[in-house]
Protein chains: 2
Amino acid sequence: MEYDFEQIDSIINAKSVAVVGASNSPTKFGYLVTRSQVTMGFSGPLYLVNQNEDEIMGRPAYPDLRSVPETPDLVYLTIPAHRSMDVLSDCASIGVKAVIMMASGFREAGERGKALEDEALRIARDGGFRMIGPNCFGIYNPRNRLTLLPGHDFSSNVGDVAFISQSGGFSAHVARQGKSVGVDFSAVVSYGNAADLDETDFMRYFGEDRATGIITAYLEGARRPEQFARVLRETASSKPVVIWKVGRSESSRRAVVSHTGSLAGSPELWDALIAQSGAIEASGVDELLDIVLALKLFGMSPGRRLLICGGGGGLGTCAADLAWAHGLDVPALDGEVFSRMHDTLDRAGAVVGNPLDIGAPLIPAPFLEAALSQAASNPTTDILVFDLAVNFGYDIAGDFGIERALEVLTDVRSHSRVPIAAVLYSRSFDPDDMRFETMIRRMRKRLHGSGVAVFPTMDRALRAIAAINGLR
Amino acid sequence: MEYDFEQIDSIINAKSVAVVGASNSPTKFGYLVTRSQVTMGFSGPLYLVNQNEDEIMGRPAYPDLRSVPETPDLVYLTIPAHRSMDVLSDCASIGVKAVIMMASGFREAGERGKALEDEALRIARDGGFRMIGPNCFGIYNPRNRLTLLPGHDFSSNVGDVAFISQSGGFSAHVARQGKSVGVDFSAVVSYGNAADLDETDFMRYFGEDRATGIITAYLEGARRPEQFARVLRETASSKPVVIWKVGRSESSRRAVVSHTGSLAGSPELWDALIAQSGAIEASGVDELLDIVLALKLFGMSPGRRLLICGGGGGLGTCAADLAWAHGLDVPALDGEVFSRMHDTLDRAGAVVGNPLDIGAPLIPAPFLEAALSQAASNPTTDILVFDLAVNFGYDIAGDFGIERALEVLTDVRSHSRVPIAAVLYSRSFDPDDMRFETMIRRMRKRLHGSGVAVFPTMDRALRAIAAINGLR
């Protein structure tokens, strides 16, 4: 069917929603999705439909769609596949414009399922409504607080990152991990089998959507390969696009067919398409979010010349190896900066150079400030990467020292043209030792707030920096 | 100097120690190392030496080594390089057999430092004592509770993993992360510049040491390349050896010289040496510890045929891609197992195959138990990899459901010939949400205790399994 921006927009930003299959029974998906709506506080009317219940979570339940007092913008079906056709007919008869079908058991499940999916699509076409799914979770949108993904604890912060996902599990996983690492979304869409609206539609929609600045996607295949290729090229020329495409191995392609009934296509062709379009390739949830964080704080193609800095010789040596493996440069320091820094860091154990070893995990704030400012002024530096090594530093400097180091980092960032990546990890993961974990989470939040990107390992920091420079 | 097992053994398992430069001042290393000794409760006499203090942490301080009431097995120097020569002469004159020199400012710092290091070595040779360092942290040994690394919070559990490290920072980092992930050590040795005892000596020692079952090492170079190659081949033929060798790039080799004054050598020659010797290559702290965990629970070369299992289609698809990238196999299920499992998992959303999608993150325990038992009985499975997806499962099943899933996993493990790797990660890292973090840490501890290896991501699990199968 013809692409129509307004049509998709009125689904993503739906003003009223009915959930068919809403439930009080905690083991049902109809319970989870209703709880998500209620907890998140969906901004419009929410109609809960279940013929066996009078009320659900303290709200009135309707026996069927025809009893709902208005025609909702969006109907969400969380009922088994074989019971869906009658409800779809109801949707058509009351003039619904959009339906999300959560159930599996359609095209991905073999011939009988495929016939059912064809039937659903026929009802949608005849009834004049669009469909997301089947075999999907649907939409999370913090702007209208629509959360049809099972995520009562998702963030209510509005961001500008869209995630389009053929997998329901990963749509929820990315939304949750995004909250963890400080990535906020314009919307997340899990679209499963793509019987009607597909990756091409959503890519084009988020490309045109002004609320979205960065588009990310988990893809198992493309239903309309040529159209998708064209739309991806157009979209990636105006916004950063990050693509995680699975289906590289025989076993993985087998899994793709049984998961969403998709054809994975040739990995080589996909690699070529992604590279030619200027999109960035990712290969997992963590990497995808690391790349988004790097894009948000460093922009596209910030340059590949790093100044690697920390308190310790081993960490710099190891980081230089990682940089090399990812195609990044660690050039020698400019002569003038070298001399100035040499005067500043005239301390036991410090080794002035690139990588730069400040001598101890944390040094007194005035020295740290001077050294980092000089590092940030180095003319051949595109990004300053600082390993905070709080794990060791804390022993030496305590809460106060850590606090001062954070202030220094924030300060240097605000005065410098050079972006900063900080590497920050937890000391220990014992069940009985949460003090450091708490401290590190707070530090990360503060650093993100002041424009310093935080990564949990040097490898992840450098991998993300390489990706946004088009190196892979 | 000639290798002598007893000599090194009496250093590692020292019965009495003197710390020269012990201090009450929290910013000094002499404070950290004394605190570590006191907190860990070193099993023998600990003599604290500082000419400016009468007592340190409530213990008597001696003005110099000659005032100490007995000749200690080991003397630890945490005083500046230029003040060390006199103390070394004292060591010789009272008949000390072993000295660790912590200070930097020797060979790695240029000509003057090199002369100082030569002088130190001359005093040691003339005085008949062995030396670790300079420019190192020294030893952590939970057997005698000797902790000359800055690690008052290290584990006091005795294990059988040795870590030999040219970097001090990484020696402390590995010891701490090891505690986190449940890897216990026989000993950790940070040896820095290797003026006297070097990587060849320690590799040979831990090869012969009956308390050590797995040897791991972070190396910047080898002072005696031919001897090291021979010792590595001999050692790796009798015990698993994991080598993390840095110095692959020009900037990294530059850093190696200024860090420990080592020559990194050719990366190609090192790769060949490690591969020929049968040792396993690692490239970071996390990977090194993942490999150790895999070795401990799966042994060497457990086989590369995986059965990947979890509740969700995307995660299996993605895992199959990762397996392929790491050279592992995800073969189709045996026909008979397929049929039996098909009867068991006749549930909405379940997809029987390899990868195996159980349909939901957590399914009722009897079904989970049956499915996992069948999976473990599949004749073409070497390792069962189960993604616990607690993040989602918790919403459905709550504490009780998670508890039951753990019991099932433990039960299946105890009845099966097939090792199990579990993937388990935290839901969210918000400063204000530590409940899941705590739960996941407890789960990991329990699973390790029952012989299930836990990894924080699918990628790390598969990378470690590939490594212990010699794939890299």
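Proteins come first, then strands; the chains are lettered A, B, ... in the order of their sequence lines, and each starts at number 1. Predicted model, so just to flag it, every value in this text is computed and none were measured.
Here CD of E108(B) is found 10.0 Å from CG of D357(A). Values are rounded to the nearest 0.5 Å. Rounded to the nearest 0.5 angstrom, C318(B) SG and W244(A) CH2 are separated by 4.0 Å.
With a 4.5 Å cut-off on non-hydrogen atoms, A332(A) touches chain B through its backbone and its side chain both. In this structure, chain B has a heavy atom under 4.5 Å from the backbone of P331(A), while its side chain stays farther away. Residue contact with chain B, scored on non-hydrogen atoms closer than 4.5 Å, involves the backbone and the side chain of S249(A) alike. Contact of T457(A) with chain B is made through the side chain alone, with heavy-atom distances under 4.5 Å. Heavy-atom distances place no part of F29(B) under 4.5 Å from chain A, backbone and side chain included. For chain B, the nearby part of R254(A) is the side chain; its heavy atoms alone come within less than 4.5 Å.
Using a 4.5 Å cut-off on side-chain heavy atoms (C-beta onward), H259(B) and V351(A) make no contact. Side chains of F170(B) and T317(A) form no contact here, defined as non-hydrogen atoms less than 4.5 Å apart.
The most heavy-atom pairs under 4.5 Å with chain B, out of P267(A), G312(A), G247(A), A319(A), come from G247(A). When A109(A), A255(A), G316(A), P355(A) are compared by the number of non-hydrogen pairs under 4.5 Å with chain B, A255(A) comes out ahead. Ranked by heavy-atom pairs shorter than 4.5 Å toward chain B, the options S252(A), S167(A), G353(A) are led by S252(A).
Test L328(A), V330(A), I308(A) against S251(B) for side chain to side chain contact (heavy atoms under 4.5 Å, CB included) and you get one pass: V330(A).
With sequence neighbours excluded, the residues forming a salt bridge (Lys or Arg N to Asp or Glu O under 4.0 Å) with D286(B) are R460(B), listed by chain and number. The side-chain hydrogen bond (donor to acceptor under 3.5 Å, both in side chains) check on H326(A) picks up D459(A), with sequence neighbours excluded.
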